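Quick notes on the structure that follows.
The structure displayed is predicted, hence computed values, not measured ones. Note on naming: letters A, B, ... go to the chains in the order of the sequence lines (proteins, then strands), and numbering restarts at 1 for each one.
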There are 2 protein chains.
Amino acid sequence: MPKSDQPKPKKQYHHGNLRQALIDAGLELIAEGHGAQIDLRKVARKVGVSHTAPYRHFADRNELMAAIAEEGLRNLADKVHRKIETVPDDFLSKLEAFAREYVEFAIAHPQLMREMFSGINTDYDAHPTLRQALLYLFEPLVSTLKQSQAADEIAKTEYVHLTLIIWSMIHGFSALVVENYVIRKSLQGTEAIDNMVHLCVQTLYHGLARKDTL
Amino acid sequence: MPKSDQPKPKKQYHHGNLRQALIDAGLELIAEGHGAQIDLRKVARKVGVSHTAPYRHFADRNELMAAIAEEGLRNLADKVHRKIETVPDDFLSKLEAFAREYVEFAIAHPQLMREMFSGINTDYDAHPTLRQALLYLFEPLVSTLKQSQAADEIAKTEYVHLTLIIWSMIHGFSALVVENYVIRKSLQGTEAIDNMVHLCVQTLYHGLARKDTL
DNA sequence: TATAATAAGTTTGCGCTGTAAACATATCGT
DNA sequence: ACGATATGTTTACAGCGCAAACTTATTATA
């Protein structure tokens, strides 16, 4: 994803549009394993601009990291959307697809995942686009959730709360995998992970599948 | 917790025992809100030693942070143990107590929590004491879990996997609270949190309460 | 079309950090 | 008593975030 000349953001200045280039470079550095120790100067160097150029587009390091995290969130959401459309239209299938994609993304991009949920940045009252990205991520899950509630399949608890419960489980497992608190002993490899994701999903499903309110 | 002269660690050198003093100072700095941005020099300054003194006790910054994280984990485990002994001896009660204490700790020490689970440090193959602390944290939960399995109350799935499922849910919710991804809209305050913890626990309990294997 | 205003990028500089190396001193084993 | 070793200090250096002053390209306006 090099400098794109899409209709939206900036015009054609010196660089093209540096803002996006910096975000992309940041994502690449993270992907290359440079860890959460990304610094403004490395990113600038990678793009080929001076080390203070980013300050024309981001107030400080935190704002760049927030933008990177937000882009990562959108990438995750895209991945989820793509997959979830291909599975049968029942709650369990959608839930399992959501969980599987989420965890898969976390394993594929551990450093990015860490950055995405490493706080401080999460001023998502200030940054409305971040809120938007979150809503986008959960949209397919919420939709099947409501459908399932209408069909008396799962508890009538507020869907926001149900979403949070599901997110907690999936995100928690992802976090523990990313932070290496899991495996080490078990079968290792993807097989054990897949099995665990299945267990988490089953627990969620049977825990939520009630006709009353929790 | 100033410099202690317990029987275990080091003798009475120049400082007393600096290692523990550095860990304590680090915990205090984190508690004072200095965030995850703790640096070696501040910690050394706080203790009153030169800024390279820590290198006689920790190979690098990461090792100090790992030690701080480990101490934090033990504090959490202590808190859980203290509480869980006071509740009725049934699975649901113990589970709820575990969850409540875990989340409460996360809310009380968000920065520490972040540091404890911010990766890289988690070489808990290399550091056996960290593994020990983890086992200590989960010991009361595992114990009631096995008891409950024996009584045909919950699924006969491997207890390690069940523990991981429970941990995922509780830790995930804690993480989302710490990173400010939750609340903002809801009732705020501790009431909404308590309610959510209850929902998580209920979901876990009903999701796991089956006589077969998941 | 010329030119002032402004947006985008650069250079320079400062204080801070992590950490390596050389040095100093207290403690302990012999 | 004394050398070895553990502990702490001083000095030094490169890299970082960021502020300020400067340069250059773009845009708006006359």
Side-chain angles (χ1 to χ4, degrees), chain A residues 2-26 29-30 32-69 111 115 118-121, chain B residues 2-5 7-26 29-30 32 34-69 111 115 118-121:
Chain A
K3 33 189 153 172
S4 53
D5 44 16
Q6 283 146 2
K8 191 184 49 173
K10 300 287 172 180
K11 303 103 185 181
Q12 303 288 68
Y13 285 104
H14 306 101
H15 173 90
N17 69 351
L18 183 55
R19 186 189 152 88
Q20 190 59 40
L22 289 169
I23 293 174
D24 291 343
L29 279 174
I30 291 178
E32 287 166 15
H34 280 261
Q37 306 297 15
I38 281 189
D39 50 281
L40 231 32
R41 289 164 108 110
K42 273 201 210 15
V43 176
R45 223 175 289 139
K46 174 139 194 158
V47 173
V49 295
S50 78
H51 61 274
T52 55
Y55 285 94
R56 301 294 148 188
H57 298 272
F58 303 98
D60 55 16
R61 180 185 184 281
N62 242 321
E63 291 243 353
L64 171 59
M65 297 311 278
I68 292 173
Q111 317 274 21
E115 185 52 42
S118 71
I120 301 174
N121 309 327
Chain B
K3 31 188 155 173
S4 54
D5 44 17
K8 189 184 50 176
K10 301 288 172 179
K11 304 100 182 183
Q12 304 288 69
Y13 284 103
H14 306 102
H15 173 90
N17 68 351
L18 182 55
R19 186 189 151 88
Q20 188 60 40
L22 289 169
I23 293 174
D24 291 342
L29 279 175
I30 292 178
E32 287 167 14
H34 279 261
Q37 305 297 13
I38 281 190
D39 50 283
L40 230 34
R41 288 165 109 110
K42 272 201 208 21
V43 176
R45 224 175 287 141
K46 175 139 193 159
V47 174
V49 295
S50 78
H51 62 274
T52 53
Y55 284 93
R56 301 295 147 187
H57 298 271
F58 304 97
D60 55 18
R61 179 185 184 282
N62 242 321
E63 291 241 354
L64 171 58
M65 297 311 279
I68 291 173
Q111 317 275 21
E115 186 51 43
S118 70
I120 301 175
N121 309 327

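- Distance CG (A/N17) to C1' (C/dA8): 13 Å, rounded to an integer number of Å.
- Using a 4.0 Å cut-off, no side-chain N or O of A/K42 falls inside it from OP1 or OP2 of D/dG15.
- Rounded to whole Å, atom P of C/dT17 lies 12 Å from atom OH of B/Y55.
- Remark: C1' of D/dG8 and NE2 of B/H51 are 12 Å apart, rounded to the nearest angstrom.
- For A/N17 (side chain) and A/R19 (main-chain N/O), no donor-acceptor pair under 3.5 Å exists by modelled atom type.
- A donor-acceptor contact under 3.5 angstrom links the side-chain atoms of A/R56 to the base of C/dG9.
- The distance from atom CG of A/L18 to atom P of C/dT10 is 8 Å, rounded to the nearest whole Å.
- In this structure, of D/dA20, D/dT11, D/dG8, it is D/dG8 that holds the atom nearest to the side chain of B/H57.
- Judged by distance alone, with hydrogens and angles left aside, the side-chain atoms of A/N62 form no donor-acceptor pair with the main-chain N or O of A/M65 at under 3.5 Å.
- Looking at heavy-atom distances under 4.0 Å, A/R61 makes contact with sugar-phosphate atoms alone, never a base.
- When rounded to the nearest whole Å, the span between CG of A/L40 and C1' of D/dG15 equals 13 Å.
- With the nearest nucleotide of DNA chain D identified for both A/A59 and B/T52, B/T52 has the one nearer the 5' end.
- Atom CG of A/L64 is separated from atom P of D/dC18 by 10 Å (rounded to the nearest Å).
- One interatomic measurement links the two molecules: CZ of B/F58 to P of C/dA20, which rounds to 16 Å at whole-angstrom precision.
- A pairwise comparison of heavy atoms in A/L18 and A/H57 identifies CB-NE2, 3.6 Å as the closest pair.
- The two residues A/I23 and A/A67 come nearest to each other via the heavy atoms CD1-CB, 3.8 Å.
- Taking atom CE on A/M65 and atom P on D/dC16, their separation rounds to 13 Å, with Å as the unit.
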Exercise for review: Please step through salt bridge (charged side-chain N to carboxylate O under 4.0 Å, His left out) for the pair A/K46 and A/E32, ending with a clear verdict.
Suggested key: CA-CA 12 Å; A/K46 174 139 194 158; A/E32 287 166 15; 2.5 Å; yes
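- Judged by closest nucleotide on DNA chain C, A/S50 is the one of A/S50 and A/R41 placed further toward the 5' end.
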